[in-house]
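Along the sequence shown, residues are numbered consecutively beginning with 1. These figures come from a predicted structure and were not determined experimentally.
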Amino acid sequence: MNTATSQTPEQVLEQAQKLWAQGKSQKTYDLVSTYLRANPNDGPLLHFFAGVLEKQGNIFGAIKHLEFACKAPNSQSLYFLDLASLLGKQQMYVESQNVLTVAMKRDPGNPEIQAQLGSMLILNGFFDQGVKLFSHVMAQSPSNWQRWTLFANSVAKSSRPKQAAELYDQALEIMQGAGASDADVKPSPADIANTLMAKADHLKTIGDKDGCTALIRAAIAQTKYVARAWAELATLKAFTDDDVATVEKMIGAERGKLSKLDLQYLHHALGLAYMTRDDGNAAMAHYLKANAYQREQIDYNEEKTLAFLANLPNFFTPDAIAGNTLSETGNEQQFIFIVGMPRCGSTLLEQVLDSHSDAFGVGEIRTLPGLLKRAYGDGFPSLPAHKKLLADPKRLALFAKAYRDEVSRMLPPEVLKNGKGPRYIVDKMLGNFVSVGLIAMAFPNSKIIHARRDPMDTAFSCFTHFFADGHKYLCDLREIGNFYVAYRDLMAYWEKTLSKDQLITVDYEKVIADLDHEARRLFDFLGLDWQDACLEFYANTREVRTHSALEVRQPVYNSSLERWRPYQKELTPLIEALGINPD
């Protein structure tokens, strides 16, 4: 009887690989999943199936099967590396580090494991240990451009990014030279272009617009088919008429060489280029196409998402918050959590705060959502059993301590005084608006700033910016509007429930109209003395890793207000979802 379950794992894997190569993804899935239900312990098959799940967008299913593959009797180091990589892509850096630590014990001489572990150590705030491990690896493989690039990328994302530029130069020198003899593969023009783009990203965070532009041009000179380069060039408002013609030709005559992601980047680039040229009709046509391509590739369950947001007040009732809030001595490190929607003006607020000597911004870090998942599990809070977890003081205390420990490791040495950080560390992960209740319970002496902007300006800015980092609701006009309403309702609940000493709302329009007044109001709320440097936030040389990295290098301006008005017809689904009268 020749059934899948009667075959050996090797036979099933061979058959599955053939089906996959033929584009028969569903048959591949059915074959392997059926076999694994009866024979769940074969490492190569589990590893292959994880790859299938990842390609289908089931990231957490892929993670689970990679974990099974690592525990299989015939596991390989490759499985640990792939698991760590996938966890890293989800910014689950602590989990990735733990996987690599186990892998290194199994295979201590593996340089790839050492390099990946060095990267995670740096990203998790163990900078000196990570650099030491990388130094050992690079001494053994000095011509490996892939590891030099990984080293540079890791340092660029760390609390001490200054040496990243030199590391990128080292990688590029090797890539562009005759060597790379000990690398797994010789670098292609696309590899070189991607490394140039990585260095450009780094220069953008420190406000070097000219250097960033030059590197993007160099990347395009390597190969024009690195689509992200065109999108970044448009963001810098450096698109020439020749650039427009080149990209139009790529989208038209050369479409066969482009992926859907490439087309998404290129349509976004043209959207911004035409918007800069005051050709709004052409711009909106490209923005609509770009977002349509993105929406095709996203698995977004709007009903489930909106229901989750609407149900949060049932878990974080006033009595639940008051009855389970931790006690603090006053000596603990305190935080400022900036929450809200993307494109709400939050980077401007963070830059103003970071210009104060008693505050330091660590940017949009995923530390809190990562810890939330580790401490309370997936989907928290959405089940009746989660109410019991919320009432567990030990769990909440461990959550608070882990957050303090992980974020404190992100601080560069120069901001420490007698081993202590500044009075406030600023966490600008806007999506933490869903966790305001838990934040209030875990950090009662910390502060929450709700950064708010006009709903149409917010939504239009979201729709016309490229988000490649998990904002699933931002590429369909009606879905953006529906999400904004759910966010607005939840924030109204938090504002009603929390004390005025813990949460403040700051409107972008008021900041633009009178920065001095709004900044002073903000610092009064924080209990910080006024410092004039906060009005000259644009002179701050800190790294900024958001879409507004270059915008906050200049004084406040009001040109971004009501940019949506000429496009009311195209924005009808958004206007209807928001339930507003634009006139």
Side-chain angles (χ1 to χ4, degrees), residues 50 54 59-71 77 79-107 110 112-134 150-151 153-161 332-333 335 337 362-380 389 392 394-412 421 425 427-429 431-432 434-435 438-439 442-443 469-470 545:
E54 182 182 2
I59 301 300
F60 289 103
I63 289 173
K64 181 179 73 172
H65 282 81
L66 281 172
E67 290 173 342
F68 292 155
C70 291
K71 296 174 183 177
S77 294
Y79 308 162
F80 288 84
L81 286 166
D82 284 351
L83 174 57
S85 175
L86 192 53
L87 289 167
K89 289 177 183 177
Q90 308 308 307
Q91 296 184 315
M92 299 168 68
Y93 297 143
V94 172
E95 292 86 347
S96 181
Q97 178 182 321
N98 292 339
V99 169
L100 290 164
T101 300
V102 173
M104 191 146 162
K105 291 179 180 178
R106 294 176 75 257
D107 190 1
N110 189 313
E112 189 60 27
I113 293 175
Q114 293 172 351
Q116 295 292 339
L117 180 56
S119 174
M120 285 303 120
L121 286 168
I122 290 172
L123 294 175
N124 284 323
F126 300 101
F127 187 86
D128 292 336
Q129 297 95 314
V131 169
K132 182 178 180 180
L133 188 53
F134 258 119
L150 177 63
F151 192 5
N153 288 340
S154 305
V155 172
K157 295 176 183 177
S158 76
S159 60
R160 294 183 244 176
E332 298 90 351
Q333 174 65 63
F335 305 95
F337 297 91
V362 291
E364 294 182 351
I365 57 172
R366 293 195 56 82
T367 306
L368 193 141
L371 283 172
L372 190 67
K373 181 181 177 182
R374 296 209 299 270
Y376 292 95
D378 288 326
F380 175 85
L389 295 183
D392 182 350
K394 291 184 178 179
R395 188 183 301 268
L396 185 62
L398 288 172
F399 168 80
K401 181 180 185 304
Y403 179 84
R404 284 195 167 91
D405 290 345
E406 290 193 23
V407 176
S408 294
R409 287 199 298 269
M410 299 177 184
L411 300 178
I425 299 175
D427 179 339
K428 198 185 77 70
M429 176 51 67
N432 286 338
V434 303
S435 301
L438 194 70
I439 290 171
F443 310 103
D469 48 4
R545 299 184 177 98

| task | Locate the shortest heavy-atom distance separating A62 from A50; write the atom from each residue and the value. | result | CB-O, 3.3 Å
| What are the two closest heavy atoms between Q90 and R366, and how far apart are they? | O-NE, 3.8 Å
| request: Check for a donor-acceptor pair, side chain of S85 on one end and backbone N or O of L81 on the other, with a separation under 3.5 Å. | output: no
| query | What do the steps show when you test L396 against Y376 for side chain to side chain contact (heavy atoms under 4.5 Å, CB included), and what is the final call? | reply | CA-CA 9 Å; L396 185 62; Y376 292 95; 3.6 Å; yes
| said: The criterion is side-chain contact (heavy atoms from CB on, under 4.5 Å); which residues satisfy it with A400, sequence neighbours excluded? | reply: L326, R404, A442, F443
| query | Going through the distances and angles, do L133 and M104 end up as a side chain to side chain contact (heavy atoms under 4.5 Å, CB included)? | reply | CA-CA 12 Å; L133 188 53; M104 191 146 162; 4.2 Å; yes
| request: Rounded to the nearest 0.5 Å, what's the gap from OH on Y79 to NZ on K71? Could you check? | output: 16.0 Å
| From CD1 (I425) to CD1 (I365), nearest 0.5 Å | 8.0 Å
| Taking atom CD of E95 and atom NZ of K373, what is their separation to the nearest 0.5 Å? | 7.0 Å
| query | Ring centroid separation for F380 and F399, is it under 6.0 angstrom? | reply | no
| remark: Sequence neighbours excluded, the answer for side-chain contact (heavy atoms from CB on, under 4.5 Å) partners of L398 is none
| query | Closest heavy-atom contact between G130 and L121? | reply | CA-CB, 3.8 Å
| How long is the gap from CG on L87 to CG on L66, to the nearest 0.5 Å? | 8.5 Å
| Intermediate values then yes/no, side chain to side chain contact (heavy atoms under 4.5 Å, CB included), D427 and F335 | CA-CA 7 Å; D427 179 339; F335 305 95; 5.7 Å; no
| request: With rounding to the nearest 0.5 Å, note down the distance linking CD1 in I59 to CD in E54. | output: 5.0 Å
| If you look at every heavy atom in P369 and N432, which pair is closest and at what distance? | CD-OD1, 3.5 Å
| query | Short question: side chain of S96, backbone of M92 - any donor-acceptor pair under 3.5 Å? | reply | no
| query | Looking at S154 and F134, what are the two nearest heavy atoms and their distance? | reply | OG-CE1, 4.3 Å
| remark: Correct closest heavy-atom pair for L150 and S119 would be CD1-OG, 3.8 Å
| task | Apply side chain to side chain contact (heavy atoms under 4.5 Å, CB included) to T367 and V94, showing your working. | result | CA-CA 9 Å; T367 306; V94 172; over 6 Å; no
| Backbone of F126 reached by a side-chain donor or acceptor of N124 within 3.5 Å | no
| For D392, all residues meeting side-chain contact (heavy atoms from CB on, under 4.5 Å), sequence neighbours excluded | K394, R395
| Just how far is it from atom CD of Q116 to atom CZ of F80, taken to the nearest 0.5 Å? | 14.5 Å
| query | Considering only heavy atoms from C-beta outward, does the side chain of L411 approach that of V362 to under 4.5 Å? | reply | yes
